[in-house]
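Residue numbering restarts at 1 for every chain, and letters A, B, ... go by the order of the sequence lines. This is a predicted model, so every value here is computed, not measured.
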Amino acid sequence: MSVRVRFAPSPTGYLHIGAARTGLFNWLYARKVGGKFLLRIEDTDLQRSTEESTRSILEGLAWLGLDYDEELVFQSANADKHRAAALHLIESGRAYRDFTPKAERADKNVKQEIAERARVAASEGIDQRSNPYRDLSLAESNARAAAREPFAVRLRVPRAGRTQFADAVYGPQEREYAEIEDLVLLRSDGHPLYNLSVVCDDIEMSITDVIRGQDHLTNTHKQILIYEALGANVPRFAHLPLILAPNKAKLSKRKHGEVVSLTTYRDRGFVAAAFRNFLALLGWSPENSEQEVMSLDELIEQFSLEGIHRAPAIFNFNEHDPRQWTDQKALWMNAEYIRTMPLAELWPLIRAELEASGLWRESFETDERAWFERTVEAIRHRFFTLKDFSAQGRAYFADEFEFDEAAVAKNLKKEPRLKELLPALADKLEQVEPFNAETSEAALRAFADEAGVKAGLLINAARTALTGQAVGPSMFEVFDLIGRTRSARRLREAVRLI
RNA sequence: GGCCCGUUCGUCUAGGGGUUAGGACGUGGCCCUCUCAAGGCCAAAACACGAGUUCAAAUCUCGUACGGGCUACCA
C-alpha cells in the first residue's frame with residue numbers, strides 16, 4: 001500500500017515553528033517515497049479554535065511550499081462519525097458507559113492537579129480497572145442511557161497484556177495495559193475526545209505513517225488500543241524530537257512570543273526556502289553528507305526517517321538582543337540564500353518587498369532592468385533579510401532616504417573640510433565623460449591628490465552622502481549605480497549634515 | 001509520584017568498539033581593502049558523571065545526575 005501521511009495542526013493561534021517542521025517532515029517523506037501528504041485541521045476544541053488561525057496555518061504552509069494532496073479535512077466535521085464509533089464500541093463490548101458525575105477541574109493548574117491525583121492514586125495502589133461501571137451489564141447500561149442519565153464513554157482496556165510498536169525514530173516501545181487507564185472516548189456532553197478523533201480520522205483517511213511530535217509518544221499506546229478495539233490496522237509511527245527554547249523549556253507563545261510563529265519569519269524578510277532549509281536541519285541531518293545548504297529537490301532526495309535524531313533541538317535566540325532575535329544560523333542561512341540564489345528566483349521576492357514599501361517602479365522590469373539587476377547584485381551580498389532591500393538599500397531606489405547617525409558622525413562630521421571638498425568633488429564628477437566606475441575612481445583619486453587629502457576620506461564621505469550608510473559595495477560601483485546627476489546632487493546636499 | 005524519552009564544542013550536528021573526535025553557525029585573530037554584519041585563511045571550543053564488559057569505550061551494559069514528554073470528560 002502506498003504511503004499516506006498527514007499533518008494535523010490544531011488551529012489555536014498561529015502556526016508554531018515546531019508544528020511547521022512536523023509538517024515539513026511529513027511532506028518531505030511523502031514526496032520522497034511518492035506518497036500522499038494530507039492536511040487535517042484539528043478544530044475539535046471549539047473554545048480555542050479560530051478561523052483566523054486556520055487561515056494562518058494555510059498561509060504558513062503555502063509560504064513554505066508544502067502543498068497538500070486531496071481535500072482539506074476539518075476534524076469537527078467528523079464528530080458524528082467519532083461518536084458513532086464510540087457507541088459502536090459499547091455494542092461490541094470494547095467500551096462502556098461511565099455514569100460517574102463529571103468532576104469539575106480548575107482550569108488553572110491542570111498539570112499539577114493531575115500529577116497530584118496520580119501521586120495519591122499511586123500511593124494508595126489504585127487499580128486502573130476499578131471503575132464500578134466497567135462491569136455493568138450492557139442491558140442495564142442501555143436502560144440508564146435510555147433514561148437520559150448522562151454518561152461518558154470509556155475504553156475497556158484489557159486487564160492483562162501490553163501494547164507494543166516499533167517507532168521509526170525511537171525504536172521498540174512497549175507498555176503494560178496496567179499502566180493505561182480506561183481512557184474516556186466520549187465526554188458526557190457527547191463531545192468526542194482527542195485520542196478517539198485522531199484514530200478515527202487516521203483510519204478514515206487511510207493514513208499509513210503517523211509522523212508527529214515526541215509529545216505524543218506515550219499517547220500512542222492508548223491510540224493503538226483504540227485501533228485494535230475498532231479492528232483497524234495500526235499505522236507505522238515516527239516521533240520527532242521536540243524543539244526547545246534556550247533554557248530547554250518548551251517553546252511557547254506565551255513565554256517566547258513571535259519568535260515561535262512561522263509568519264514572523266515571512267513578515268521579517270525571510271526567504272521561505274532558507275527558513276525551510278534551516279527547519280529541515282533541526283532534528284534531522286542527511287546521511288553521508290555534510291552539505292547544509294540544500295535545495296528542495298536535494299532535501300527530498302536526502303530525506304529519510306533514519307536521519308531523524310532522538311535528542312531535542314534547542315532553538316537558539318536571545319530576546320534581549322535585537323541582533324539575535326532568532327537563531328543565528330537561521331539568519332545566516334537566510335543571508336546565504338539572499339546572496340547566492342539565482343537572481344530570477346530572488347527577483348519576485350525583492351519586488352514584493354519594494355512594492356510593500358512603495359519603492360517599486362515598473363521600469364525596473366523594463367527600461368531599467370539591466371540597471372536594477374546590477375544594483376541587486378551589488379548590494380545583496382551584505383544583506384541578511386529581504387527587508388534590507390527597502391531599508392539599507394533604499395537609497396538605490398529612491399531619493400528620500402535616512403542617514404545613519406553613526407555613519408554621518410564618522411564619515412562626514414569628523415572632517416569640516418568636507419564642506420568644501422564634497423561640492424568640489426561633485427563639480428569634478430560632473431565633468432567626467434563617460435561616467436562609470438573606472439572614470440569616477442580616476443576623477444576622485446586625482447581630486448584627492450590635488451586637494452591633499454586621502455582618497456579614503458572622500459570615498460567614505462561619499463558613501464554616506466550617497467547612501468546614508470557607513471557600509472556598502474565598492475564606492476565607485478555605487479557612483480556608477482546612482483549615476484552622475486544624483487551622485488553630484490547628493491554630494492552637495494550632504495554639506496548640510498557636516 | 002509513576003511511566004516513557006533523551007544527554008558529543010555556546011548552538012545545530014557527524015561519528016555506533018581502535019579517529020589528531022569531523023563539519024556548520026556564532027566567537028576571536030590575520031589577510032584583502034575605500035567602508036562593512038562581504039570575501040579568503042587560521043584559531044579557541046565538546047563526548048554529563050560513576051561503575052562494568054573489553055587488549056581497547058564518545059561508541060556496548062548498568063546506575064546516578066540533569067533535562068524533556070505523557071499521566072485530563074485538553075489537543
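Between the side chain of A/Arg382 and the base of B/C36, a donor-acceptor pair under 3.5 Å is found. The base of B/G23 sits with one of its N or O atoms less than 3.5 Å from a complementary donor or acceptor on the side chain of A/Glu292. The base of B/C3 is not paired with the side chain of A/Thr218 by any donor and acceptor separated by under 3.5 Å.
Using a 3.5 Å distance cut-off with no hydrogens or angles, the side chains of A/Tyr337 and A/Asn277 do pair a donor with an acceptor. Under the 3.5 Å distance criterion, with hydrogens and angles disregarded, a donor-acceptor pair is assigned to the side chains of A/Thr220 and A/His239. For the residue pair A/Gln75/A/Asp201, the side-chain donor-acceptor check at 3.5 Å is satisfied.
Each of A/Asp98 and A/Gly472 lies near RNA chain B, and the nucleotide nearest A/Gly472 is the one positioned closer to the 5' end. Along RNA chain B, the nucleotide nearest A/Ala311 and the nucleotide nearest A/Glu179 are compared for position; the residue whose nucleotide lies closer to the 5' end is A/Glu179.
When each of B/C34, B/C36, B/U71 is scored by its nearest atom to the side-chain atoms of A/Lys222, the top-ranked nucleotide is B/U71. Relative to the side chain of A/Phe384, the nucleotides B/G69, B/U35, B/A37 differ in distance, and B/A37 lies closest. The side chain of A/His216 has B/A75 as its nearest neighbour among B/A75, B/C5, B/C73. When distances run from any side-chain atom of A/Lys329 to the nucleotides B/C70, B/C73, B/C25, the shortest one goes to B/C25. Distance from the side chain of A/Asn219 is smallest for B/A75 among the nucleotides B/C34, B/C12, B/A75. Of the candidate nucleotides B/G23, B/A37, B/A75, B/A75 has the atom nearest to the side chain of A/Glu42. Listed candidates were B/C34, B/G67, B/C73. Nearest to the side chain of A/Lys248 is B/G67. The side chain of A/Lys102 lies closest to B/C73, out of B/G69, B/C34, B/C73. When the nucleotides B/C12, B/C5, B/A75 are ranked by their closest atom to the side chain of A/Arg48, B/A75 comes out on top. Proximity note for A/Asp215 (side chain, C-beta onward) versus B/A75, B/G69, B/C5: the nearest is B/G69.
A straight line from CG of A/Asn277 to C1' of B/U13 spans 14 Å, rounded to a whole angstrom. Straight-line distance from the NE2 atom of A/His221 to the C1' atom of B/G2: 15 Å, rounded to whole Å. Going from atom CD of A/Glu336 over to atom P of B/A37 covers 17 Å, rounded to whole Å. A/Phe237 places its CZ atom 16 Å from the P atom of B/C5, with the value rounded to the nearest Å. Nucleotide B/G69 holds its P atom 13 Å from the CD1 atom of A/Ile314, rounded to whole Å. Spacing between atom CG of A/Asp388 and atom C1' of B/A38 amounts to 13 Å, rounded to whole angstrom units. Atom-to-atom, CG of A/Asn316 to P of B/G26 comes out at 12 Å; the value is rounded to the nearest Å. A/Ile459 has its CD1 atom 13 Å from the P atom of B/C36, to the nearest Å.
Atom name P, nucleotides B/G50 and B/A65: the rounded distance is 15 Å, in whole Å. Comparing the C1' positions of B/G18 and B/G68 gives an interatomic distance of 34 Å, to the nearest angstrom. Taking atom P on both nucleotides, B/A45 is separated from B/A21 by 13 Å, rounded to a whole Å. Comparing the C1' positions of B/G15 and B/U7 gives a spacing of 16 Å, expressed to the nearest Å. Remark: the separation of the C1' atoms in B/G22 and B/U33 is 33 Å, to the nearest Å. Between B/U27 and B/A37, the distance separating the two P atoms is 10 Å to the nearest Å. Nucleotides B/U54 and B/A48 are separated by 23 Å at their C1' atoms, to the nearest Å. If you take atom C1' in B/C66 and the same atom in B/C60, they sit 23 Å apart, rounded to whole Å.
A/Ala470 comes within 4.0 angstrom of a nucleotide base, judged by non-hydrogen atoms across all strands. Within 4.0 Å (heavy atoms only), A/Pro101 reaches at least one base atom of the nucleic acid. Among the protein residues, A/Gln469 comes within range of no part of the nucleic acid, since none of its heavy atoms lies under 4.0 Å from any strand. A/Pro241 comes within 4.0 angstrom of nothing in the nucleic acid, heavy atoms only. Among the heavy atoms of the strands lying under 4.0 Å from A/Tyr194 is at least one base atom, whether or not backbone atoms are also near. Contacts of A/Arg310 with the nucleic acid, taken as non-hydrogen atoms under 4.0 Å apart, involve only primed sugar atoms and P, OP1 or OP2. Contacts of A/Gln173 with the nucleic acid, taken as non-hydrogen atoms under 4.0 Å apart, involve only primed sugar atoms and P, OP1 or OP2. Note on A/Ser10: only backbone sugar-phosphate atoms sit closer than 4.0 angstrom, heavy atoms only; bases stay farther off. Residue A/Gly213 is out of contact with every strand shown, counting any heavy-atom pair closer than 4.0 Å. Counting any heavy atom pair closer than 4.0 Å across all strands shown, A/Ser474 reaches a base atom.
Between A/Tyr133 and A/Tyr96, the distance from one ring center to the other does not fall under 6.0 angstrom. In this structure, A/Phe303 has its ring center closer than 6.0 angstrom to the ring center of A/Phe25. You'll find the ring centres of A/His221 and A/Tyr177 outside the 6.0 Å limit.
Contact check, A/Arg187 against B/A72: no side-chain N or O comes under 4.0 Å of OP1 or OP2. Close to B/C73, at under 4.0 Å from its OP1 or OP2, lies a side-chain N or O of A/Arg154. The phosphate of B/C70 has neither OP1 nor OP2 within less than 4.0 Å of any side-chain N or O from A/Arg175. The shortest distance between the side-chain N/O atoms of A/His239 and the OP1/OP2 oxygens of B/C70 is not below 4.0 Å. In terms of phosphate contacts, A/Ser285 brings a side-chain nitrogen or oxygen within less than 4.0 Å of OP1 or OP2 of B/A14. Phosphate proximity of B/U13 to A/His309: present, with a side-chain N or O under 4.0 Å from OP1 or OP2. An OP1 or OP2 oxygen of B/C34 is reached within less than 4.0 angstrom by a side-chain nitrogen or oxygen of A/Arg445.
Ring geometry, A/Phe275 versus A/Tyr265: the interplanar angle falls under 30°, so the pair is classed parallel (tilted spans 30 to 60°).
Partner assigned to B/C62 is B/G50, using Watson-Crick or G-U wobble distances below 3.5 angstrom. Across all strands shown, the partner of B/C25 is B/G10, judged by Watson-Crick or G-U wobble contacts whose two distances both fall under 3.5 Å. In this structure, B/G18 forms a base pair with B/C55, meeting either the Watson-Crick or the G-U wobble geometry with both donor-acceptor distances under 3.5 Å. Base-pair partner of B/C70: B/G2 (Watson-Crick or G-U wobble, both distances under 3.5 Å). Partner assigned to B/U35 is none, using Watson-Crick or G-U wobble distances below 3.5 angstrom.
Taking the ring centre of A/Phe151 as origin, the terminal cationic atom of A/Arg144 falls outside the region bounded by 6.0 Å and 45° from the ring axis.
Among all heavy-atom pairs drawn from A/Ala378 and A/Leu481, the shortest one is CB-CD1, 3.7 Å. Pairing each heavy atom of A/Pro192 with each of A/Ser197, the nearest pair is CB-OG, 3.8 Å.
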